[in-house]
Amino acid sequence: MNDELVTQAAGAEELGVLVGAVGAAGFFTLMIVIVWQVAATWRARMLAAREEQYKELAARYARLLEDTVELQRRTADEQRQLLDELTQTRLAVGSMEKMMREIE
């Protein structure tokens, strides 16, 4: 009978070790899953923040591009005006030279 109690105690101890090992494996698996999900959530938030920054940069680039196009248009208009004024000045100087030659 005493041998039976020792055998049962040894079997219960082995069962306890097995339950402890399974419990530890389950706990570590749970911890790995939790860390994995926290990392995935953090990464998703970082990607969303980066996406928002890209959208802001794209909008800013679009505004700068519109400003640049407007400045180029203004510059082209001013150059046309200056060219017209220069042409008129050349004609006026040419007329004055012709008049001065006739006077001499």
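Side chains are part of it too, since the values below use all heavy atoms of this structure and drop only hydrogens, waters and symmetry mates.
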Can Q81 and D84 be said to form a side-chain contact (heavy atoms from CB on, under 4.5 Å), step by step?
CA-CA 5 Å; Q81 287 178 347; D84 290 344; 5.6 Å; no
Rounded to the nearest 0.5 Å, what separates atom [atom1] in [X] from atom [atom2] in [Y]?
{"X": "Q53", "Y": "R60", "atom1": "CD", "atom2": "CZ", "value": "12.0 Å"}
{"X": "L30", "Y": "I34", "atom1": "CG", "atom2": "CD1", "value": "4.0 Å"}
{"X": "Y54", "Y": "L47", "atom1": "OH", "atom2": "CG", "value": "9.5 Å"}
{"X": "F27", "Y": "I32", "atom1": "CZ", "atom2": "CD1", "value": "10.5 Å"}

Counting C-beta onward and ignoring hydrogens, is there a side-chain heavy-atom pair between [X] and [Y] closer than 4.5 Å?
{"X": "E102", "Y": "K98", "answer": "yes"}
{"X": "Q79", "Y": "L83", "answer": "no"}
{"X": "E97", "Y": "M100", "answer": "no"}

Would you call E70 and R74 a salt bridge, taking side-chain N to carboxylate O under 4.0 Å as the test?
yes
Got a salt bridge between R80 and D77, using NZ or NE/NH1/NH2 to carboxylate O under 4.0 Å?
yes
Flag yes if more than 12 heavy atoms outside R73 fall under 6.0 Å of its CZ atom; otherwise flag no.
yes
Which of T87, V93, L86 passes side chain to side chain contact (heavy atoms under 4.5 Å, CB included) with R90? Answer is L86
